[in-house]
Amino acid sequence: MFVTTYIFLDHFPDSIPECSYLNAQNESLKQKTCLVVHVLNAKGIRDTRWASWCRKINSDMMRAVSPTLNCPILHLLQKCKTFNTLKQVHAQMITTGLILHTYPISRILLISSSLSPLPYTLAIFSRAPNPSIFLYNTLISRLTVNNQVKLALSLYDQMLADPNLRPNNYTYPSLFKAFAAQQWFKHGQALHVHILKFIYPLRDNFVQASLLNFYSRCGRVDIARYFFDQIMEPDLATWNSILSAYARNSSVSLSGDPRLLDENTSSSLEVLNLFGHMQKSGAEPSEVTLVAIITACAELGALGQGIWAHVYIIKNALSLNHYIGTALITLYTNCGRLGFASQLFYQLPHTDIFCFNAMIRGLAIHGRGCEALDLFETMKHKGLTPDNVTMLAVMCACSHVGLVDEGRRYFELMTSIYGLKPKIEHYCCLVDLLGRAGLVKEAEERILTIPMKPNAVLWRCLLGAARVHGDLETGEVALKKLVELEPETSGNYVLLSNMYSCKKKWDDAKRVRQLMKERGVEKMPGSSLVEVDGSMHEFLAGDKSHPRAREVYLKLEDMNAKLQEHGHRARTREVLFDIEEEEKEEALSYHSERLAIAFALIATDSCTPVRIIKNLRVCVDCHSSTKLLSRIYGREIIVRDRTRFHHFNNGSCSCLDYW
DNA sequence: CTAGGGTTAG
């Protein structure tokens, strides 16, 4: 028999009230019962600071009263490593009658679920006399771990059918975790109703965190946030859940729809914002926390904050595991520090497929296509099997350096050797690869024969290719599809309008612009961020709001004069509107990255590389003038645009003019 | 008392 005692700590916040515990202990020994102690805080919630103290007291008492806990057979059970030894111990449990008791059954269920065939484990359960909610919870959880979600659900159903049993706090977290992994949104909502019915008021951090996480994994960060705000005292795992929710949400649309860009940025900022609250609340960050922070920094390009997180890990002796490693590699490659990334990569004690994928992609977006392919070979040599993401990075590597045949070959190898089914992203990459190399017609044919419905990203790839190679006909086809799929996205109209302008079809350009106006589509302003002395400065095109705007514009005049001296002719074909050549030139020279570069040139040391983060793709004119500027001012200029990096050095760019 | 939640690449 158990007697549960709750000790309130409201008047003794920092020390265990030994006397009340001892009184209760004497009482329970007299009655030969087992005392179970919990320490509660002033709000009546279990105080986790005393959890290990309680565990020790409780297990001491348990041993004194209940001999089955110290039973040698259970010790043997713990040591089982194979199905055969498990069967022997199981036999002993049956002959000794141990198998009739809840606790030993729960132990053997745990071990059996990882060693035995499924029916064996289920048989053990089905022979349990009057299985308790505890046994149901144990088995449900093991089934979800072994990916038997449907079985777990039917067990849950069976339990509901028993009028003596009601689900409790322990029933739901594993089920929601499994639903989250399967993205079963509807089923999850249905199960959520059960929580409302059976667990009220909902005050358990585990259940709330599992709900939060379920909704966030189904892409509903808004609902996740709602649940987070309901939680009175978030613990570490709860904080980690909400931080990861926003961090994950921040990179859903890499190289995709530019409209989602702002959403990504604000998600990442929210990670940092929430982290501030977390620190104020006194919760100690763990590795999981830092993965979320670093992921957010990688998305924002906030190198300074990211390095702070890296230093935090080292200072606080957190482990540099492969989760952290992958996140840091992504951070450094996204912030243009390819050297840091590869240094870290080679220092990691254990590199898995995630680390390799991050590093291969890192090399690819910096235009180090051949090194990316070498690393791919190393990875295969290590016995790691490439997956969808690896192949995407590999094809991306080929695309960025114009290795068309290799890219095509890898695409074929995907299915023939690695047994991977190309997803729409792979087709995008292939179209990109072909398009950039000038094989616009082949790219278009590919799109028409793919086994799924082409999405906007795919058409945008084709449109980009058509634009670079001036293929108006294909561009029009692509744009028609794009406007159907995304009538709100300004970039689509801008691209087509630019194409018409370039062919001097001013009327058509005007028509597109008019269409955009009629539909009320706002043009997305180009913005460039530049980090100077650890803080970020943002410039928009023609922006005069910066405190040092006067100096910046003076520098810009100097830059433009020098550019002309060095024979730069403005590539006006990218200017949207039907305006005079001279005005166009002026519009170009006030592009946001030109302002950012001007500012960096006056505000930083002459040997510091200039690092710019753009929200859109680099335009042709900026690309060629930045190349020239890197030579004129003898500065390395590193620009991160929407999809890749451009390292401008001494008059040339790492992208070799493919982008 | 034994059962439960949080991490990485696109």
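First the proteins, then the strands, lettered A, B, ... as listed; each starts at 1. Note that these values count all heavy atoms, side chains included, but never hydrogens, waters or copies made by symmetry.
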Next item on the list: Mark yes when over 12 heavy atoms from residues, nucleotides or ligands other than A:Asp229 sit less than 6.0 Å from its CG; otherwise mark no.
Entry: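 Yes, the 6.0 Å shell around CG holds more than 12 heavy atoms from other groups.
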
Next item on the list: Tell me, yes or no, whether the heavy-atom count around A:Arg166 atom CZ, taken from other residues, nucleotides or ligands under 6.0 Å, exceeds 12.
Entry: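 Atom CZ in A:Arg166 is crowded, with more than 12 foreign heavy atoms closer than 6.0 Å.
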
In terms of side-chain heavy atoms, does [X] have a donor or acceptor partner in [Y] at a distance below 3.5 Å?
{"X": "A:Tyr156", "Y": "A:Tyr172", "answer": "yes"}
{"X": "A:Thr121", "Y": "A:Arg142", "answer": "no"}
{"X": "A:Asn168", "Y": "A:Thr171", "answer": "yes"}

Looking at [X] and [N], is any side-chain donor or acceptor paired with a base atom of the opposite kind under 3.5 Å?
{"X": "A:Asn169", "N": "B:dA3", "result": "no"}
{"X": "A:Thr238", "N": "B:dG5", "result": "yes"}
{"X": "A:Asp204", "N": "B:dG5", "result": "no"}

Item checked: side-chain hydrogen bond (donor to acceptor under 3.5 Å, both in side chains) involving A:Asp387 - partner list, sequence neighbours excluded ->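 side-chain hydrogen bond (donor to acceptor under 3.5 Å, both in side chains) list for A:Asp387, sorted by chain: A:Asn357, A:Thr390.
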
Checklist line | With A:Ser267 via side-chain hydrogen bond (donor to acceptor under 3.5 Å, both in side chains) - residues at least two apart | finding: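 side-chain hydrogen bond (donor to acceptor under 3.5 Å, both in side chains) check on A:Ser267 returns A:Asn249.
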
Between [N] ([atom2]) and [X] ([atom1]): distance, integer Å:
{"X": "A:Phe134", "N": "B:dC1", "atom1": "CZ", "atom2": "P", "answer": "11 Å"}
{"X": "A:Met391", "N": "B:dA9", "atom1": "CE", "atom2": "P", "answer": "20 Å"}
{"X": "A:Phe125", "N": "B:dA3", "atom1": "CZ", "atom2": "P", "answer": "16 Å"}
{"X": "A:Phe275", "N": "B:dT7", "atom1": "CZ", "atom2": "C1'", "answer": "15 Å"}
{"X": "A:Ile108", "N": "B:dT2", "atom1": "CD1", "atom2": "P", "answer": "19 Å"}
{"X": "A:Leu110", "N": "B:dA3", "atom1": "CG", "atom2": "C1'", "answer": "8 Å"}
{"X": "A:Tyr136", "N": "B:dT2", "atom1": "OH", "atom2": "C1'", "answer": "18 Å"}

What's the closest nucleotide to the side chain of [X] if the choices are [options]?
{"X": "A:Ser174", "options": "B:dG4, B:dT7, B:dA9", "answer": "B:dG4"}
{"X": "A:Asn205", "options": "B:dT7, B:dG5, B:dA3", "answer": "B:dG5"}
{"X": "A:Asn321", "options": "B:dT7, B:dG5, B:dA9", "answer": "B:dT7"}
{"X": "A:Leu392", "options": "B:dG4, B:dA9, B:dG10", "answer": "B:dG10"}
{"X": "A:Arg107", "options": "B:dT2, B:dG5, B:dA9", "answer": "B:dT2"}
{"X": "A:Tyr103", "options": "B:dT2, B:dG4, B:dA9", "answer": "B:dT2"}

Next item on the list: Using a 4.0 Å heavy-atom cut-off across all strands, classify A:Asn388 as base, sugar-phosphate, or nothing.
Entry: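 The answer is nothing, as A:Asn388 stays clear of every strand by at least 4.0 Å.
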
Notebook entry, point to check: For A:Ile329, which contact category applies under a 4.0 Å heavy-atom criterion: base, sugar-phosphate, or nothing?
Noted result: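 Counting heavy atoms under 4.0 Å across all strands, no contact is made by A:Ile329.
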
Show which side-chain atoms of residues 419-430 of chain A pair as donor or acceptor with protein atoms under 3.5 Å away, not counting sequence neighbours.
residue, atom, partner, partner atom, Å
A:His426, ND1, A:Lys423, N, 3.0
A:His426, NE2, A:Asn388, O, 2.8

Notebook entry, point to check: Is A:Phe354 stacked on the base of B:dA9, meaning ring centres closer than 5.5 Å and planes within 30 degrees of each other?
Noted result: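 No; by the centre-distance and plane-angle rule, A:Phe354 does not count as stacking on B:dA9.
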
Next item on the list: Kindly state whether the pair A:Tyr323 / B:dT8 counts as stacked, where counting means centroids closer than 5.5 Å and planes tilted less than 30° apart.
Entry: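 Here the ring of A:Tyr323 and the base of B:dT8 are not stacked, as the 5.5 Å and 30° limits are not both satisfied.
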
Notebook entry, point to check: Between B:dG4 and A:Ser141, is there an OP1 or OP2 to side-chain N/O distance shorter than 4.0 Å?
Noted result: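 For A:Ser141, the contact criterion (side-chain N or O under 4.0 Å from OP1 or OP2 of B:dG4) is met.
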
Notebook entry, point to check: OP1 or OP2 of B:dG10 sitting under 4.0 Å from any side-chain N/O of A:Arg361?
Noted result: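 So the side chain of A:Arg361 is within the cut-off, an N or O lying under 4.0 Å from OP1 or OP2 of B:dG10.
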
Next item on the list: For DNA chain B, determine which residues of residues 143-160 of chain A have any heavy atom closer than 4.0 angstrom to one of its atoms, and list them numerically.
Entry: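 Nucleic-acid contacts, sorted: none.
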
Next item on the list: Specify the residues of residues 208-222 of chain A, ordered by number, for which at least one heavy atom lies under 4.0 angstrom from an atom of DNA chain B.
Entry: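 Heavy-atom cutoff 4.0 Å gives A:Ala209, A:Asn213, A:Arg217.
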
Next item on the list: Could you pull out all residues at least two apart from A:His381 that satisfy ring-ring contact (aromatic ring centres under 6.0 Å, His included)?
Entry: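 Checked A:His381 against ring-ring contact (aromatic ring centres under 6.0 Å, His included); zero matches.
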
Notebook entry, point to check: Checking A:Asn213 side chain against A:Ala209 main chain: does a donor-acceptor pair fall under 3.5 Å?
Noted result: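 No, A:Asn213 side chain to A:Ala209 backbone: no donor-acceptor pair under 3.5 Å.
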
